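Note: hydrogens, waters and symmetry copies are ignored here, and every other heavy atom, side chains too, is used. Because the structure is a prediction, the values reported are computed rather than measured.
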Amino acid sequence: MLVTSKASKGVATLATTGSVTASPGANNGELPNVLRLPERLPFLLAGPALRRTDRNQVTVWLMTSVPASIEACLAVAQTPKANPLETVMACPEKLGERLFFFLIQFRSTDGFPEDKTLTYDLKFTLESYPGILGFTGGDGLLRPAEIAYAPHTLPTFVIPSQDRTEMTALHGSCRKLHGTGLDLVIGFDRELTDATAKSRIAERPSALFLTGDQIYADDVAPELLPLLSSLGRSLLGWEESVVDGHQNVKRPNEIQPGDRKFVQENSVYGFTVNSEEAGSHLLSLGEFVAMYLLAWNPALWSWNHFYFERARTEWESEINCAAMRRVLANIPSYMMFDDHEITDDWNLDADWQANSQSRPAASWCIANGLAAFWIFQGCGNDPGRHDGPLRETIVEYLTRRGRRPAPFIDAMLSYYHWAFLAPTHFPAFVLDTRTVRSKNTGKNPVELLDSDARRRLSASLCALATPDAPPFLIVSAAPIIGSHAFEAVQSISATGKLFREHPANTFDAESWFANENATGSLFALLAESGQSRFLFLSGDIHFGYTATCCVRHLKGSSHEHEIRIVQATSSALKNAPSEPIRHLLAWVERATRDYFAVATVKNSQWKMGTGMEIPRFPDFADFLKWRQSKIRSEWSPEVLDFHWRYLHLDVKSEESLGQASRRVVSENNAGAFRVSHDGVRHVHIIASGRMTSEAKWAEITPPPGLDNPGQEAILQSA
């Protein structure tokens, strides 16, 4: 990013072919304190990030620490200066004294070029600020290597044509800064590096789906908390009050790391976060904002208030925020929350939701988390569709410095338009499975989508389904085709029948199949849409796998419709499972046959069987016997017949060569996939290599011996 100066103004662009000797106004290498605060912040706080992109609109998101105006230029990469496609001017939305937000949108009624490498550049005009810390080496804001992939010196991307017969993309979830293992954002970085270097546009990933837990607000390293409180205060220019366990109103920095376990107390917050992690829970909006910035901007790790040198040194080799910045700048990204962006088990069920909304402190904290999610993730998914009033509410709350929080809290907690349709050339329906859960209380497991949400999804599917439609993508934070054995462990744990020495919430029993009624309804609406092929993208569970499922929808003896499904699950980017969980996953792999489960809905009754050998754990056997329950009559065909299969992985890694084929990836991993009219290729990128599985749509059929709909059987190994 080249920097020049004009009197009291400075102009910065995204890449440089030359250089200047110093940032504008710099004096012997010393940069003046821009706002007379003790902290000096990078000018570019986060971004640029490429967000919703199609042939008529391209969106770029970024944040700065001082106001600026931006001249943004979109062009074909080969001739960025000679032939600009579109140039727009953008001004910031002020969120805080040192927090300025841009959502830049290029628009074209004729359509931007498809299947060509496009690039964008940004020129920043800085008013009245002679010097900003962050111009790398005094001669640029970001060097090409920090923002672009060779041979380019600016961020690039491709808009696929609608007639493409395949789609290549990336997906992942669960990135905890102090989580175990290497940050596999570098896997995304590798994919984009290789595809760009080869100049093979068809092989370049065209979208990134981040499917939940992009930050961990409920599990913060104690060393980080003072930094986050201080950074949040500097960014906003003010500090929210928070309530402690004694109902005392305090500033966030007055509550020391480890002293926030009161978030578990029913009288104040009532959160169900693990007690070992609750002590440093984020509370204020400034802290939530600071957490996102730290996750996405490598420069902030060198901020002069970063106190814990030892921890920083230990983490720097494992956290790759530089790769995250480069990835987000070069691929359209579509993001959805799970629970950890707010708090563990957020909206676990109707009782949890009602209890939290009855506690002012809990409601305020949840509203802060949702506001931060909108600022950093939600606003770029489908700009302006439903969130205009929400944006005004957030800006007004911040402008008023937190005064009159009631309208802000009400607006955040009553907003239910988070789900969206991504404009990828194979339609991608991104589900919100947290705020539109069923409102039923009592012992019934939660429905991850209530009836209204299912109807909206059904209408969207039916509107796009045609006989020659490409496969549809369904993005759900939790896998829809889950690991049935692992989910059984979750349910047994939740009822206290297993691992009695651990709390009941050791495993979160909130899988899709925990509520068979709602899940049967989901599959019925998928079948009734007329679409035949679905790719499910998920994360959440801190291990990866690929499964296939054949669902037959019949009435009487006539075959109405058959749908074929591939479940691609990739998790975690940086939060590898613990050793006990890894051992459990290994046991599940040994016990599981190829065909893992069979389920039948017949005459409104649900039955399920498994293909597991269970030599021990009588509770397991009891739990996994045939079960029956009614599904809602509105989605109740006479017969729905399901058949799951968990695919073996082709292991190609330095550490795994010679090992037997596996079905579960139990280390940090990033997901890459290619879906076509013929099938799906799903890749788990791990630190030492790749694990690949493939499925052909034509081969996703019931196993031999189960050709009769509704047959009940426990399957032998395929």
Side-chain angles (χ1 to χ4, degrees), residues 174 212-213 215-219 242-243 245 260-279 281-283 288 336-373 409-416 418-419 431-454 476-478 482 487 489-496 502-519 540-541:
C174 307
D213 300 338
I215 65 165
Y216 279 68
D218 55 346
D219 187 357
V242 297
V243 178
R260 299 188 179 190
K261 293 185 178 181
F262 53 75
V263 297
Q264 295 179 301
E265 297 176 11
N266 287 332
S267 60
V268 186
Y269 289 82
F271 291 162
T272 51
V273 60
N274 187 290
S275 59
E276 295 179 3
E277 301 160 355
H281 200 298
L282 302 183
L283 298 176
F288 278 95
M336 181 51 68
F337 47 56
D338 196 16
D339 55 345
H340 292 290
E341 278 95 346
I342 311 298
T343 187
D344 190 25
D345 297 334
W346 171 45
N347 287 350
L348 177 66
D349 52 31
D351 289 335
W352 196 106
Q353 186 174 8
N355 290 337
S356 66
Q357 292 186 1
S358 68
R359 300 180 176 91
S363 295
W364 201 343
C365 181
I366 293 170
N368 284 337
L370 281 170
F373 169 81
I409 295 171
D410 291 344
M412 300 311 304
L413 298 188
S414 62
Y415 186 77
Y416 298 111
W418 300 109
L431 306 182
D432 162 18
T433 59
R434 284 287 166 184
T435 73
V436 292
R437 296 184 168 196
S438 58
K439 302 300 186 289
N440 59 301
T441 59
K443 296 183 179 180
N444 292 329
V446 68
E447 300 175 10
L448 299 189
L449 294 181
D450 64 18
S451 58
D452 289 339
R454 293 199 301 272
S476 165
E487 290 170 1
V489 174
Q490 292 177 317
S491 297
I492 295 170
S493 175
T495 59
H502 294 293
N505 65 346
T506 300
F507 299 97
D508 301 331
E510 52 179 332
S511 65
W512 276 90
F513 274 94
N515 189 301
E516 296 156 349
N517 300 337
T519 306
D540 176 55
I541 53 178

Taking the side chain as C-beta and beyond, is there a heavy-atom pair between [X] and [Y] under 4.5 Å?
X	Y	result
C365	T343	no
R434	M336	no
H340	C174	no

Under the 3.5 angstrom rule, does the side chain of [X] hit a backbone N or O of [Y] as a donor-acceptor pair?
X	Y	value
R260	A278	no
E341	D213	yes
D345	D339	no
D218	D344	yes
D432	T435	yes

Tell me, please, which residues at least two apart from I342 pass side chain to side chain contact (heavy atoms under 4.5 Å, CB included).
-> W346, I366, L370

What pairs with A453 under side chain to side chain contact (heavy atoms under 4.5 Å, CB included), at least two apart in sequence or on another chain?
-> V436, L449, D450, R456

[atom1]-[atom2] distance between [X] and [Y], expressed to the nearest 0.5 angstrom:
X	Y	atom1	atom2	value
S438	D452	OG	CG	11.5 Å
L283	N368	CG	CG	8.5 Å
Q353	R437	CD	CZ	9.5 Å

Identify every side-chain donor-acceptor pair in residues 261-271 under 3.5 Å, counting partners at least two apart or on other chains, and give the distances.
unit_1 : atom_1 : unit_2 : atom_2 : d
Q264   : NE2    : V273   : O      : 2.7
Y269   : OH     : V243   : O      : 2.9

With sequence neighbours excluded, residues passing side-chain hydrogen bond (donor to acceptor under 3.5 Å, both in side chains) with [X]:
X	answer
S356	none
Y216	H542, N575
N347	none

Qualifying residue for ring-ring contact (aromatic ring centres under 6.0 Å, His included) with F373, from F288, Y415, F337 = F337

T433 and W512: side chain donor to acceptor below 3.5 Å | no

